[in-house]
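What follows is a single structure, written as structure tokens, with notes after it.
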Amino acid sequence: MRYIRAMMLSTVMACVTFPALAQSDVIKPGEERFTFGLGAVLNSFGTNVRLDNSNQGQTGDNVNLKDDLGVDQNASSFWATAEWRFAQRHRIGVNYSQFKLSGTRTLTRTIVIDDETYQAGASLSSELKIQIIPIAYSYSFIKTGNDELAATIGVHWSRVSFKAHGSFSSNFSGDANADVSAEADLPLPLIGLRYDHNFSERWSAGLQGAYFPLNFGNLEGDIWTARTYVEYRFSKHVGLGLAVEGFQLNVASSSGSWQGEVKYGYWGPQIYLKSRF
């Protein structure tokens, strides 16, 4: 929650400071060369994982982190973005955010994770870390003074790591420290559309969405994302934005460091400051 408090303080300072700069001419929307943003996000997650052990021919159980492991699914973090408009109709941008979900619960059912079997009644602590790095290129096939509609193609890079620590593993009699861990890098393609509307030089709103089905190599599943926003520019270079974003990834893998399945989705509000040059 420290990110939320920090951004609320920044917003208050912006509301006090920026009106004094309101006489400055703002950069016309669509004419900026570089854009940078920093903000706070509060997401609500829904997460399922499955870890298999191919060496033993063992398929793990599908585990819901909230219902089975008591993980708090609400997480706050910072959100950072940068975009370069290297030509009138061409942009490339990158975002970054990271989250940590953790919890401890006494199991109500027996759960198999990787090569460990945790019996009902065992205490199990778990942690899931997610780094989210979408990189996208946009080509604006419609660009006017008030409207810009672009096709997007890019890579949504997720780095996911999971670990669990519990007691009473059935694999080792008397073992009170049964641990499992796994991590995966998931650079997955996304294709979509992006629309921005400028009500004036100071007010803008927009939405974007992207989707891609996965069925190649050892990966199978799908990925989608959607976002809508509104921004107000206080001064020539700085503005305040509010957004809501949703995302879902469902991937099953039969090889690599993560064998099994990971499915996570989230939605939540964002508040951010954005500078344009």
Rounded to the nearest 0.5 Å, how far apart are [atom1] of [X] and [atom2] of [Y]?
{"X": "Glu231", "Y": "Tyr229", "atom1": "CD", "atom2": "OH", "answer": "5.5 Å"}
{"X": "Phe277", "Y": "Ile27", "atom1": "CZ", "atom2": "CD1", "answer": "7.5 Å"}
{"X": "Phe141", "Y": "Glu148", "atom1": "CZ", "atom2": "CD", "answer": "10.5 Å"}
{"X": "Ser140", "Y": "Asp147", "atom1": "OG", "atom2": "CG", "answer": "11.5 Å"}
{"X": "Thr59", "Y": "Asp114", "atom1": "OG1", "atom2": "CG", "answer": "11.5 Å"}
{"X": "Leu42", "Y": "Asn74", "atom1": "CG", "atom2": "CG", "answer": "6.0 Å"}

With the side chain counted from C-beta on, respond yes when [X] and [Y] share a heavy-atom pair under 4.5 Å apart, and no when they do not.
{"X": "Asp68", "Y": "Arg109", "value": "yes"}
{"X": "Ser123", "Y": "Thr104", "value": "yes"}
{"X": "Glu183", "Y": "Lys129", "value": "no"}
{"X": "His156", "Y": "Ser158", "value": "yes"}
{"X": "Leu186", "Y": "Val262", "value": "yes"}
{"X": "Tyr272", "Y": "Leu242", "value": "no"}
{"X": "Ile113", "Y": "Tyr118", "value": "yes"}
{"X": "Tyr211", "Y": "Asp222", "value": "yes"}

Closest approach of [X] to [Y] (non-hydrogen atoms, all atoms of both residues):
{"X": "Leu101", "Y": "Asp72", "value": "CD2-O, 3.7 Å"}
{"X": "Phe162", "Y": "Leu69", "value": "CZ-CD1, 4.2 Å"}
{"X": "Asp52", "Y": "Gly60", "value": "OD1-N, 2.8 Å"}
{"X": "Arg105", "Y": "Asp67", "value": "NH1-O, 2.5 Å"}
{"X": "Ala184", "Y": "Trp258", "value": "CB-CB, 3.7 Å"}
{"X": "Ile142", "Y": "Arg89", "value": "N-NH1, 4.0 Å"}

Matching residue for Lys263 among Val49, Asn250, Asn64 - test: side chain to side chain contact (heavy atoms under 4.5 Å, CB included)
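With Lys263 as partner, Val49, Asn250, Asn64 yield a single side chain to side chain contact (heavy atoms under 4.5 Å, CB included), made by Asn250.
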Does [X] share a hydrophobic cluster with [Y], counting links as ILVMFWY side-chain heavy atoms below 4.5 Å and allowing steps through other members?
{"X": "Val244", "Y": "Ile132", "value": "no"}
{"X": "Trp79", "Y": "Leu207", "value": "no"}
{"X": "Trp224", "Y": "Leu188", "value": "no"}

Just wondering, more than 12 heavy atoms not from Lys100 lying within 6.0 Å of its NZ?
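Not buried by this count: 12 neighbours or fewer within 6.0 Å.
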Take Leu128 and Ile130 through the side-chain contact (heavy atoms from CB on, under 4.5 Å) test and state the conclusion after the steps.
CA-CA 7 Å; Leu128 181 73; Ile130 305 172; 3.8 Å; yes
Is there a donor-acceptor pair closer than 3.5 Å between any side-chain N or O of Glu31 and the backbone N or O of Pro29?
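Not a single qualifying donor-acceptor pair exists.
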For this output row, return yes or no: ring centroids of Phe247 and Trp267 closer than 6.0 angstrom.
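No, the ring of Phe247 stays outside the 6.0 Å limit from the ring of Trp267, centre to centre.
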Testing the 3.5 Å rule here: is there a donor-acceptor pair between the side chains of [X] and [Y]?
{"X": "Tyr139", "Y": "Thr152", "value": "no"}
{"X": "Ser204", "Y": "Arg233", "value": "yes"}
{"X": "Asn198", "Y": "Asn146", "value": "no"}
{"X": "Gln98", "Y": "Tyr96", "value": "yes"}

Ring geometry between Trp84 and Phe34 (parallel below 30°, tilted from 30 to 60°, perpendicular above 60°)
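Parallel, since the angle between the ring planes stays under 30°.
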Decide side-chain contact (heavy atoms from CB on, under 4.5 Å) for His237 and Arg276; before the verdict, give the C-alpha distance in whole Å, the side-chain angles of both, and the deciding distance to 0.1 Å.
CA-CA 5 Å; His237 294 294; Arg276 302 158 65 247; 5.7 Å; no
Might you work through the salt bridge (Lys or Arg N to Asp or Glu O under 4.0 Å) test for Glu83 and Arg194, ending with a clear yes or no?
CA-CA 14 Å; Glu83 186 173 69; Arg194 172 180 178 179; 2.8 Å; yes
Test side chain to side chain donor-acceptor pair (under 3.5 Å) applied to Tyr266 and Gln73, step by step
CA-CA 9 Å; Tyr266 64 78; Gln73 298 289 269; over 6 Å; no
Trace of the side-chain contact (heavy atoms from CB on, under 4.5 Å) decision for Glu220 with Leu214
CA-CA 5 Å; Glu220 183 177 355; Leu214 305 171; 5.8 Å; no
Are Asn48 and Leu65 close enough, and set up right, to give a side-chain contact (heavy atoms from CB on, under 4.5 Å), and what steps lead you there?
CA-CA 6 Å; Asn48 290 66; Leu65 266 63; over 6 Å; no
Charged N to carboxylate O under 4.0 angstrom, Arg85 versus Asp196?
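No salt bridge links Arg85 with Asp196.
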